[in-house]
Amino acid sequence: QCIHISNDAACFLRGEIMPRIPSNYNTAIGITLGTGLGTSYYKNGEAADADLWCMPFRSGIAEDYISTRWFLSRYHELAHKRLPDVKALSLLHHSCTYARQVFEEFAGNLSAFLALFAQKNNPDIIVIGGNIAKAASFFLQATEAKLSEMGINIPLHTATLGEDALIFGAVL
């Protein structure tokens with residue numbers, strides 16, 4: 001017997017994309033948004049870790065701008081208040097200008113990163129998962145608009161399987 005080990009971002013994308021194969025998505029990129037940034041790509045029936053969390057981005061690395069750490073730090077810079085997580089920030093979205101600003105800025109960060117990732121891999125679809133994706137209603141539309149302004153019109157889909165995508169992807 002043999003044990004095969006795969007990266008969690010690759011398992012996530014494999015688990016999310018395999019049910020979509022009949023929809024003619026032959027290539028995909030996936031990101032998991034949470035404590036860190038997970039990146040993966042899918043091509044020719046295989047999903048693999050893209051390992052772009054540490055890619056040079058803006059004045060640091062991608063994960064500095066696309067993670068829970070960025071959300072909480074940026075909100076603190078603006079509001080001078082600390083929050084425990086992105087869920088708490090999302091609960092403030094409708095009542096707090098700073099919360100809305102943070103999500104708008106995040107859409108700019110995410111779209112700039114996705115543009116670079118998409119240009120490198122030319123995917124048919126982009127799949128977004130992780131705990132931050134639960135707040136996608138606050139940034140996904142703006143991210144799509146910013147990508148469109150850059151001439152990138154690739155469908156963005158939020159994960160449908162949640163945490164189960166990792167398990168399904170590992171089994172597949």
Side-chain angles (χ1 to χ4, degrees), residues 6-18 20-21 23-75 77-78 86 89-90 99-162 165-166 169:
S6 290
N7 172 274
D8 60 341
C11 287
F12 153 77
L13 184 57
R14 186 180 303 116
E16 284 289 338
I17 200 68
M18 289 303 281
R20 300 178 197 267
I21 292 297
S23 299
N24 296 322
Y25 294 125
N26 298 314
T27 60
I29 58 175
I31 60 170
T32 54
L33 306 171
T35 304
L37 171 64
T39 58
S40 54
Y41 61 91
Y42 176 88
K43 187 174 186 176
N44 299 325
E46 295 292 325
D49 179 18
D51 201 28
L52 297 179
W53 66 274
C54 60
M55 176 182 89
F57 186 75
R58 304 207 189 278
S59 62
I61 60 171
E63 193 171 84
D64 292 339
Y65 294 88
I66 307 168
S67 65
T68 298
R69 181 177 64 250
W70 179 86
F71 270 100
L72 301 180
S73 173
R74 184 65 180 130
Y75 180 76
E77 287 173 15
L78 295 170
V86 176
L89 182 63
S90 68
R100 287 189 298 276
Q101 180 179 341
V102 170
F103 279 105
E104 182 65 29
E105 289 179 18
F106 180 73
N109 294 342
L110 184 58
S111 61
F113 174 77
L114 287 174
L116 295 170
F117 195 5
Q119 289 166 351
K120 180 178 178 181
N121 290 278
N122 195 28
D124 297 323
I125 186 174
I126 298 171
V127 183
I128 300 173
N131 281 324
I132 294 172
K134 294 174 184 173
S137 63
F138 302 129
F139 64 84
L140 196 62
Q141 188 174 10
T143 301
E144 289 175 321
K146 291 173 187 302
L147 283 169
S148 183
E149 289 170 9
M150 291 182 255
I152 298 172
N153 295 298
I154 301 166
L156 297 182
H157 291 276
T158 54
T160 57
L161 299 175
L166 294 169

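Using cut-offs of 30° and 60° on the angle between ring planes, the pair F138 and F103 is tilted. Ring pair F57/Y65 is perpendicular by interplanar angle, where above 60° counts as perpendicular and below 30° as parallel.
The two residues A118 and I152 come nearest to each other via the heavy atoms CB-CG2, 4.5 Å. For S90 against A135, the heavy-atom pair with the smallest separation is CB-CB, 4.1 Å.
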side-chain contact (heavy atoms from CB on, under 4.5 Å) assessment of L37 paired with I61:
CA-CA 10 Å; L37 171 64; I61 60 171; over 6 Å; no

Hey, mind stepping through I29 and T39 against side-chain contact (heavy atoms from CB on, under 4.5 Å) and telling me if it holds?
CA-CA 7 Å; I29 58 175; T39 58; over 6 Å; no

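Side chain of E63 to backbone of G36: no donor-acceptor contact under 3.5 angstrom is found. At distances below 3.5 Å, at least one donor-acceptor pair connects side-chain atoms of D49 with backbone N or O atoms of D51. Not one N or O on the side chain of S40 forms a donor-acceptor pair closer than 3.5 Å with the backbone of A48. Listed for the T27 side chain is no donor-acceptor partner under 3.5 Å among the backbone atoms of K43.
For E77, the salt bridge (Lys or Arg N to Asp or Glu O under 4.0 Å) test picks out R74, with sequence neighbours left out. The salt bridge (Lys or Arg N to Asp or Glu O under 4.0 Å) search around D124 returns none, not counting sequence neighbours.
Once rounded to the nearest 0.5 Å, the distance linking OG of S111 with CG of L140 reads 11.0 Å. To the nearest 0.5 Å, atoms CG (L116) and CD (Q119) are separated by 6.0 Å.
Contact check for D64 versus R58: no side-chain heavy atoms found under the 4.5 Å cut-off.
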